[in-house]
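One structure is given here, and the rest of the page talks about it.
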2 protein chains.
Amino acid sequence: MATNGADYSIAVLNRTLDVLDLLTEAETPLGATEIARRIGTTKSAVFRILANLDRRGYVSKEAATSRYTLGVRLVVVGQRALRSLDLRHRARPVLEELHARFGETVNLAVLNQGTVVYIDMVESAHSLRTAAAVGALDPVHSTALGKAMLAFLPAAERNAQLTLPLVARTPRTLTAVLALHQELDRVRAAGIAEDNGENELGARCFGVPVFDHLGRPRAAISLSGPESRLDDGRAAEIKTALITAAGRLTAEIAGARPPAVPTGVKEEAACG
Amino acid sequence: MATNGADYSIAVLNRTLDVLDLLTEAETPLGATEIARRIGTTKSAVFRILANLDRRGYVSKEAATSRYTLGVRLVVVGQRALRSLDLRHRARPVLEELHARFGETVNLAVLNQGTVVYIDMVESAHSLRTAAAVGALDPVHSTALGKAMLAFLPAAERNAQLTLPLVARTPRTLTAVLALHQELDRVRAAGIAEDNGENELGARCFGVPVFDHLGRPRAAISLSGPESRLDDGRAAEIKTALITAAGRLTAEIAGARPPAVPTGVKEEAACG
DNA sequence: ATTTACGATTCACTCGTTGAAACGTTCCGC
DNA sequence: GCGGAACGTTTCAACGAGTGAATCGTAAAT
């Protein structure tokens, strides 16, 4: 499809975001030349962009080495972004309730740029536990959270969210697109996604999508823990509880909606 | 002085950061037209900027109303920015130690764009306590943290960090530039800044700067609480402990340095 | 001491951002 | 229910602005 091509794209702006994204991934401060090389531009362009970002506090230049890091202003903006996610506020009590009932780690995540972004969580008190962090990222295809949202996305968008090739996080990760799509069919039928050591060996996770008022998956909640504690005996109860919880959340953020398993999410524009 | 004028300024980029800064301040989602009006540009420019930011997840467009909020990607970048502040890691034990000893709220902050940015804190366990949040902002002129850093900044930069007019947070806030400079002279002489209800009535706070290897104030730590508990009796002990703690931190981040009260920070380039 | 590589700076070119104007839609008041 | 206002969206020609190749000075590497 696409009348597109280059939309409303602004070159400088995209390069700027490339710089920020690169600095976000980077483990260590980066120099202008290296940044230019990695994002495929010239030194001078990057240099000027960095000068602008620095002046505004969005990046920080190490005085000694002239290398750059993410700036303090991004902490301010990021915290503000986090607090303004009202989804997070509404989900809190639901997460806490699930945590109280099962004693395992409970997560809230959204889909962003083809990755799962953790927005909130309540960690298990067990010493052996799964743990994520706010703002942390995980692949869509190897997590219950990702698969839960993916499954209920219109087919076109679904593919757009996949980063090919599907990297194997563990030997169990589904790396074949076809296999993943079949898995997503199962998820859609069951209303719940499952991850058995596909993202991290020994960890099991159940994820359920939360929908907005248009019936589009806007987030997902999950419960995760070591396989040893999440045996099939407990699984059934947990799954039911998750589906109920997600339904309640959907009902709340969507206004008034069928809270149960949404069965009818058809491909593309289901306006019937 | 300035050969400047417009430096390496990039128009689109500055406008983009204006948009982000505006969305950061905003309490509610904003439309393109309103943003344009507030930052003084045309609708179409803002619209295109927003389209670009949206595509990258830096802002989020409410599907229903076409109004914009800070995006999830900023949560990711912001959390990363926070974690990459190694100052924060190093300061943690110092903050915890001060908190353990006095049982009051202890803060770590840096100067950014003329405001105090809280980077980390350990909150008092008392029910009546001062409380800030990571990423929160406060004025430089009304806080002990701000005054502590301001006092040791070269005169030129000091003025650059002041947002005039100095707004009165309380009746006690110093709003006269001259009075503030006199206060900063006292802070410089004492090596510690004090805030007696200047930022919030009933709250008292002591702040000490932390220096980098060039002797420039890079951060400040503070201890704050209700005036009722921070009486002059305890103040002396607290002040000494703060100065010692900040000295230790300075020594650590600056490499090896005179950890005690830095007395000789002269105006401009003190390379003697 | 020599070399290399980096950050910083310059400048003419031209490509891409600009802003005014117009379109379609939604929302409000009458 | 109807007019109007205000919004988000789209278009387009013009010129201002960002580009990148080349250069300088400096700091690290051999």
Side-chain angles (χ1 to χ4, degrees), chain A residues 1-20 22-23 26 28-56 58-69 71 213-214 255 269 271, chain B residues 1-20 22-23 26 28-56 58-69 71 213-214 255 269 271:
Chain A
M1 299 297 122
T3 61
N4 63 356
D7 281 275
Y8 282 101
S9 185
I10 297 180
V12 213
L13 222 177
N14 279 312
R15 260 188 289 262
T16 301
L17 299 186
D18 286 343
V19 170
L20 289 179
L22 184 60
L23 288 175
T28 123
L30 261 36
T33 305
E34 187 168 10
I35 296 175
R37 185 167 41 235
R38 290 216 219 167
I39 68 173
T41 323
T42 57
K43 270 195 302 184
S44 21
V46 170
F47 181 77
R48 276 192 309 271
I49 288 170
L50 287 169
N52 278 271
L53 290 175
D54 187 28
R55 185 151 35 84
R56 296 286 219 111
Y58 278 77
V59 303
S60 171
K61 180 203 259 184
E62 286 188 358
T65 62
S66 277
R67 284 190 306 222
Y68 297 82
T69 329
H213 63 114
L214 296 170
C271 46
Chain B
M1 285 302 130
T3 61
N4 61 356
D7 280 274
Y8 283 101
S9 186
I10 297 180
V12 212
L13 223 177
N14 279 313
R15 256 189 291 262
T16 302
L17 299 186
D18 286 343
V19 170
L20 289 179
L22 184 60
L23 287 176
T28 122
L30 260 36
T33 305
E34 187 168 11
I35 295 174
R37 182 165 45 234
R38 289 217 218 169
I39 69 174
T41 322
T42 56
K43 268 194 303 183
S44 19
V46 170
F47 180 76
R48 276 192 309 270
I49 288 170
L50 287 169
N52 277 271
L53 291 175
D54 187 27
R55 184 150 36 83
R56 296 286 219 110
Y58 279 77
V59 303
S60 170
K61 181 201 258 185
E62 287 188 355
T65 63
S66 277
R67 283 191 305 222
Y68 296 83
T69 329
H213 63 114
L214 297 170
C271 45

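Residue numbering restarts at 1 for every chain, and letters A, B, ... go by the order of the sequence lines. Source: prediction; values computed, not measured.
Contacts of A:Arg56 classified as salt bridge (Lys or Arg N to Asp or Glu O under 4.0 Å), with partners at least two apart in sequence or in another chain: B:Asp18, B:Asp21. Scanning for side chain to side chain donor-acceptor pair (under 3.5 Å) contacts around A:Thr28 gives an empty result, with sequence neighbours left out.
Within residues 34-50 of chain A, the residues approaching DNA chain C are A:Lys43, A:Ser44, A:Phe47, by heavy-atom distance under 4.0 Å.
Within the structure, no pair that satisfies the salt bridge (Lys or Arg N to Asp or Glu O under 4.0 Å) test touches residues 45-54 of chain A, not counting sequence neighbours.
Comparing A:Ala32 and B:Ala64 along DNA chain C, the residue whose closest nucleotide (by nearest heavy atom) sits nearer the 5' end is A:Ala32.
Within 4.0 Å of B:Arg15, counting heavy atoms only, lie sugar-phosphate atoms of the nucleic acid but no base atom.
A heavy-atom distance below 4.5 Å is not found between the side chains of A:Val19 and A:Tyr68.
Here B:Thr16 contributes atom OG1 and B:Leu50 contributes atom CG; the two are 9.0 Å apart, rounded to the nearest 0.5 Å.
Closest heavy-atom contact between B:Leu20 and A:Tyr58: CB-OH, 3.6 Å. B:Glu62 and B:Pro29 get closest at one heavy-atom pair: OE2-CG, 3.1 Å. Closest non-hydrogen pair, B:Ser9 versus A:Arg55, comes out as CA-NH2, 3.7 Å.
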If you restrict it to nitrogen or oxygen atoms, what contacts under 3.5 Å exist between nucleotides 14-16 of chain C and the protein, and what is each distance?
none

Listing, residues 32-44 of chain B side-chain donor-acceptor contacts under 3.5 Å, not counting sequence neighbours, or none:
residue, atom, partner, partner atom, Å
B:Glu34, OE2, B:Arg38, NH2, 3.1

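In this structure, CG of A:Leu30 is placed 12 Å from P of C:dC6, rounded to the nearest angstrom.
Annotation: the terminal axes of the helix from C:dA1-D:dT30 to C:dC27-D:dG4 meet at 50°, where each axis is the rotation carrying the C1' atoms of four end pairs onto the next four (5 pairs per end, rounded to 10°).
Side-chain N or O atoms of A:Asn52 include one that pairs as donor or acceptor with a backbone N or O of B:Tyr8 at under 3.5 Å.
Taking every nucleotide of DNA chain D with any atom under 4.0 Å from a non-hydrogen atom of chain B, the first and last of them, 5' to 3', are D:dC7 to D:dG18.
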